[in-house]
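Remember, it's 1-based here, ligands and their atoms both numbered in the order they're listed. Note that these values count all heavy atoms, side chains included, but never hydrogens, waters or copies made by symmetry.
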Amino acid sequence: MNAATEVDVVVIGAGPVGENVADRVVQGGLTAAVVESELVGGECSYWACMPTKALLRDAAALRAVRALPGAAAAVTGPLDAAAVLERRDRFASGWDDEGQVAWLRGAGIGLHRGHGRISGPRTVTVTAADGSTTDLVARHAVVVATGTRAAVPPIPGLAESRPWTSREAVSARQVPGHLTVLGGGVVGTEMATAYRALGAEVTFLARDGVLPNVEPWASAQVVETLEASGVRVMIGAETTEVRRDADGVAITLGDGEVVRADEILVATGRRPNTDDLGLSSLGLADGSWLQVDETLRVLDAEDRPVGDGWLYAAGDVNARALLTHQGKYQARAAGDVIVARATGAPVHDGPWGRHAATADRLAVPQVVFTDPEVVAVGHSTASARAAGLRVRAVEHDLGAVAGAALHADGYRGRAGLVVDEDRGVVVGFTAVGPDTAELVHAATIAIAGEVPVERLWHAVPAYPTMSEVWLRLLETLGR
Ligand SMILES: Cc1cc2nc3c(=O)[nH]c(=O)nc-3n(C[C@H](O)[C@H](O)[C@H](O)COP(=O)(O)OP(=O)(O)OC[C@H]3O[C@@H](n4cnc5c(N)ncnc54)[C@H](O)[C@@H]3O)c2cc1C
Ligand SMILES: NC(=O)c1ccc[n+]([C@@H]2O[C@H](COP(=O)([O-])OP(=O)(O)OC[C@H]3O[C@@H](n4cnc5c(N)ncnc54)[C@H](O)[C@@H]3O)[C@@H](O)[C@H]2O)c1
């Protein structure tokens, strides 16, 4: 064992969230070291956000061109799947983290490669690939940013069938002839869209519905487009057994039907990377999601900060919002509050305070890059009502807005607002339609800013843009 190395802050996990926490504390004048067992940059850079969007982008561009007669005339061939995969490789940096390591170095952050495990108060033991160990002792804080991995449900035969998880789907060298996708959440729906566009036959086993957490009218349009593209969407289908044989995989459904495929992608959610992190030595359960307070300090079973508050958890591992941008938002709050607590500066941990991750509960934006795109921020109508809010929901046909009609012939889409009637503010926004991604930020600002609906009438959308749907939604609400 080497002598212990002292540093102000130790971060376990160098995904987008860990990198950002470390950067923030260094910018605040402290020293930081990160521990990474795989690639600096994490899931997002190599097996999630970036490569998935590269897999989806060419097909979206092609659809956009085909919706304009003049431009469509210039397109004569099908999608070149090999070229899409080659571009995907570039967006995954060839699964090489040299660029991100150089960034860490430039930011003045120390890197320790190996598996990090909490071995005592403020102490992390790093076990390198050669088995050697180093102890890192943090003067102020240890931050867990270890992310998640795919959860494989206990369906008989599934684990033994060498299923694809998101990692294999994102990094595949070839497009399978027939892909079955298990799970109708965001990963499953994006990958069903991508692989169908790349030429695979796709069976989509969406037991609990397709994108079940978004407004039903948005989900319905995605289902319609998937089916029109040739995907077999099986809502409600229960999978009872999976077997791999020489011809691929055989998937037995609850009604006895056997679906055959070359590969099965398991996209049924995530589990936290906390199994071998030393949590039990702190009285927490190994393998559990980490509960945190608004400043990202890990809480024990009695909702008290662990120890004297030296342990933090940011990003996917705390289950607040499994999204890169939201994890990086937490990283800014956690990094800044660690600096404030270390230097005795005031802590602003009230709602919307500089050191509180308030938006995690009220204004989380998401763009699902399906055909068509689904964007949402804040509440859906159902989640607002479940939260006990007295809300009014309004919708409008996006295709009837001049900007959308110009954007593509036959444009189909819809947008909706959820308004808190007691406070007179927007608490939710959803849109579905081609190229709606950029619509979401205006809604995020309205929700995070708690802008009164009355004032939104003065936020005039430019003509002719899709944002005019805001005006139509306000008109539907009435003044
Ligand atoms: C297929 C897919 C597509 C996605 N697309 C999007 C998207 O378009 N937009 C979006 O916002 N989000 C997307 N997400 C979610 C996004 O990937 C995560 O929210 C994000 O990666 C979380 O960042 P993180 O830093 O918390 O964790 P991760 O990115 O998982 O990074 C954690 C890091 O910790 C390391 N680590 C784990 N345990 C240890 C240990 N004990 N010691 C040392 N190192 C350790 C891991 O090797 C990893 O590098 C997608 C997810 C998936 C699966
Ligand atoms: N564009 C994006 O922002 C983007 C893209 C991909 C992933 N992500 C993030 O990654 C996270 C993980 O995504 P995900 O799709 O893996 O998880 P998810 O939780 O979104 O969806 C998993 C789905 O699998 C279903 N399911 C669970 N067990 C099942 C079973 N045994 N059989 C059939 N279906 C089952 C669930 O009902 C659920 O609908 C999400 O929280 C999402 O925010 C974001």
Would you kindly specify which portion of [X] sits under 4.0 Å from ligand 1, judged on non-hydrogen atoms: side chain, backbone, both or neither?
X    : answer
K53  : side chain
I12  : side chain
T148 : backbone
S166 : side chain
R117 : neither

Under 4.0 Å from any heavy atom of [X], which atoms of ligand 2 are there?
X    : answer
Q366 : 2 (C), 3 (O), 4 (C), 42 (C), 43 (O), 44 (C)
R270 : 12 (C)
V367 : 1 (N), 2 (C), 3 (O)
G183 : 24 (O), 34 (N)
A267 : 22 (C), 23 (C), 24 (O)

Protein contact of [atom] - nearest heavy atom, named by residue and atom, plus distance:
atom                    : result
atom 24 (P) of ligand 1 : V17 CG2, 3.7 Å
atom 12 (N) of ligand 1 : T324 N, 3.5 Å
atom 39 (C) of ligand 1 : T146 CG2, 3.6 Å
atom 26 (O) of ligand 1 : D316 N, 3.1 Å
atom 33 (C) of ligand 2 : R207 CB, 3.6 Å
atom 42 (N) of ligand 1 : G116 N, 2.8 Å
atom 10 (O) of ligand 2 : L322 O, 4.0 Å
atom 36 (N) of ligand 1 : S37 OG, 3.8 Å

Whether K53 lies under 4.0 Å from ligand 2, heavy atom: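 In this structure, K53 qualifies as a contact of ligand 2 - some heavy atom is under 4.0 Å.
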What do we get for [X] next to ligand 2 when only non-hydrogen atoms under 4.0 Å count, side chain, backbone, both or neither?
X    : value
A150 : neither
L323 : side chain
E238 : neither

Has ligand 2 got any nitrogen or oxygen that is less than 3.5 angstrom from a nitrogen or oxygen of [X]?
X    : answer
V186 : yes
P153 : no
L182 : no

N/O donor-acceptor pair under 3.5 Å between D293 side chain and R297 backbone: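 Pair found, side chain donor or acceptor close to backbone of R297.
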Side-chain heavy-atom pair [X], [Y] within 4.5 angstrom cut-off:
X    : Y    : value
E215 : V418 : yes
E43  : D316 : no
I12  : I118 : yes
E263 : E168 : no

Yes or no: does [X] have any heavy atom under 4.0 Å from an atom of ligand 1?
X    : value
Q326 : no
G327 : no
L39  : yes

Per atom 15 (O) of ligand 2, closest listed option by heavy atom (T189, V187, D208):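 Result: the heavy atom closest to atom 15 (O) of ligand 2 is in V187.
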Closest to atom 52 (C) of ligand 1 among A331, A48, A150, A267 (heavy-atom distance):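 Closest candidate by heavy-atom distance is A48.
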Stepwise side-chain hydrogen bond (donor to acceptor under 3.5 Å, both in side chains) check, T193 with E190: CA-CA 5 Å; T193 306; E190 283 189 347; over 6 Å; no
Audit row: R139, E6, salt bridge (charged side-chain N to carboxylate O under 4.0 Å, His left out) steps and yes/no: CA-CA 7 Å; R139 287 184 205 95; E6 253 199 6; 3.2 Å; yes
Min N/O separation W47 to ligand 1 under 3.5 Å: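 In fact, backbone or side chain, W47 has no N or O that close.
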